[in-house]
Protein chains: 2
Amino acid sequence: MKQDSRLSATLHVLLHMADRGAPMTSEELAACLGTNPVVIRRTMAGLRETGLVRSEKGHGGGWTLARALDTITLGDVHRALGEPALLALGHRSENPQCLVEQAVNAALGEAFVEAEALLANRFDRVRLSDLAADFSRRFDERRQIHAKHDHTL
Amino acid sequence: MKQDSRLSATLHVLLHMADRGAPMTSEELAACLGTNPVVIRRTMAGLRETGLVRSEKGHGGGWTLARALDTITLGDVHRALGEPALLALGHRSENPQCLVEQAVNAALGEAFVEAEALLANRFDRVRLSDLAADFSRRFDERRQIHAKHDHTL
DNA sequence: ATTTCATGTAACACATAAAGTTACATGAAA
DNA sequence: TTTCATGTAACTTTATGTGTTACATGAAAT
């Protein structure tokens with residue numbers, strides 16, 4: 001099953017935006033991910049509608065965070081992306097007539113619901129500020145090893 | 001994300017085989033799922049290699065369970081299918097240089113590992129006999145409602 | 001005003017993987 | 001030797017994330 005990396009990519013982009021503090025263009029953000037600017041605009045569209053980010057056209061324009069890092073959870077971002085499916089496994093058919101399939105759905109469904117709840121729960125508990133803090137920790141760690149430093153990534 | 005329903009389909013098929021007690025052809029099994037016989041053979045190939053089922057050619061041939069229902073777990077079936085990915089979400093890249101992406105991977109990865117462990121754990125705990133018992137319960141329940149009965153599904 | 005820069009969006013092409021289909025070889029029983 | 005069933009390759013179909021091109025819209029700089 002091919003995996004959906006939009007959540008991962010979007011978190012990456014949001015942290016870069018926070019780190020910058022000034023508007024970043026789709027082109028700059030695309031460079032962070034090694035992808036195309038249109039992919040950025042397309043993905044960010046949902047976040048803009050949800051009020052997580054703002055976009056400005058023209059000179060000095062680009063993307064900025066609309067809320068503080070500690071008020072945005074991974075769950076917020078996931079929902080803003082349209083709540084893509086968390087699990088790669090699914091039922092062969094919902095509401096089957098066949099009793100065998102009903103039993104299969106019941107057994108698998110229980111596991112699916114639990115796993116989805118676990119993920120949703122975690123996503124709602126982790127905030128972007130937590131990721132930023134982890135980034136800072138890694139940054140300081142690296143700076144201790146090398147003598148040089150460059151907060152631009 | 002398109003979901004993988006092979007585990008669901010295979011469990012369905014295995015329970016029908018157990019219910020029958022005699023070899024079932026790919027065509028019969030395909031009819032249970034409303035699909036093509038070749039899809040059945042292709043999917044069951046992994047189970048045969050793992051020793052969960054046997055297949056016989058020619059007259060009176062078909063597919064039979066090679067082990068008792070209470071010795072086969074959902075995990076066994078999942079592994080026999082080649083351990084398809086459980087989660088639809090993934091990292092944008094493994095082992096990234098970018099510290100931001102490392103922080104993202106760390107946060108998401110923790111959630112991913114937990115969810116996968118939960119599913120794997122459940123799969124290893126649930127046996128086909130559990131599903132068969134649930135099927136029987138549903139069957140009896142339906143028989144109480146309707147007066148008629150037909151154990152062929 | 002005009003140019004430049006940036007987003008907004010449509011309309012494609014591309015990649016991957018599950019699922020479905022056709023065709024035919026292999027082998028076992030009638 | 002005919003019939004039935006699996007074994008398997010090769011192809012098509014479908015769905016979806018991803019990438020690309022093209023162009024309209026609008027805001028700031030000149």
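Every chain is numbered from 1 and lettered A, B, ... according to where its sequence line falls, protein lines coming before strand lines.
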Residue N36(B), side-chain heavy atoms: nucleotide from dT20(D), dG20(C), dA17(C) that is nearest: dG20(C)
Per R48(B) side chain, nearest of listed nucleotides dT16(D), dA6(C), dT8(D): dT8(D)
Shortest side-chain distance from H59(A), nucleotide among dA27(D), dG7(D), dA19(C): dA27(D)
Nearest heavy atoms of F123(A) and T73(A), plus distance in Å: O-CB, 3.5 Å
Nucleotide nearest S55(B) (side chain, heavy atoms from C-beta), chosen from dT9(C), dT6(D), dT22(C): dT6(D)
Plane angle bin for F135(A) and F139(A) - parallel if under 30°, tilted between 30 and 60°, otherwise perpendicular: tilted
Any donor-acceptor N or O pair under 3.5 Å, side chains S26(A), W63(A): yes
Nucleotide opposite dT21(D) in a Watson-Crick or G-U pair, distances under 3.5 Å: dA10(C)
Nearest-nucleotide pick for T25(A), side chain only, options being dA18(C), dG17(D), dT7(C): dT7(C)
Nearest-0.5 Å distance that lies between atom OG1 in T50(B) and atom CE in M44(B): 10.5 Å
Given dT8(D), dG8(C), dT20(D), the nucleotide with the shortest approach to the side chain of R41(A): dG8(C)
Any S26(A) side-chain N or O less than 4.0 Å from OP1/OP2 of dT7(C): yes
Per T35(B) side chain, nearest of listed nucleotides dG20(C), dT25(D), dA9(D): dG20(C)
Donor-acceptor pair under 3.5 Å, R42(B) side chain vs dG20(C) base: yes
Sugar-phosphate, base or nothing in reach of G62(A), heavy atoms under 4.0 Å: sugar-phosphate
Assigned partner base of dT2(D), Watson-Crick or wobble definition, under 3.5 Å: dA29(C)
G60(A) or S5(A), whichever maps to the more 5' nucleotide of DNA chain D: S5(A)
Donor-acceptor pair under 3.5 Å, K57(B) side chain vs dT26(C) base: yes
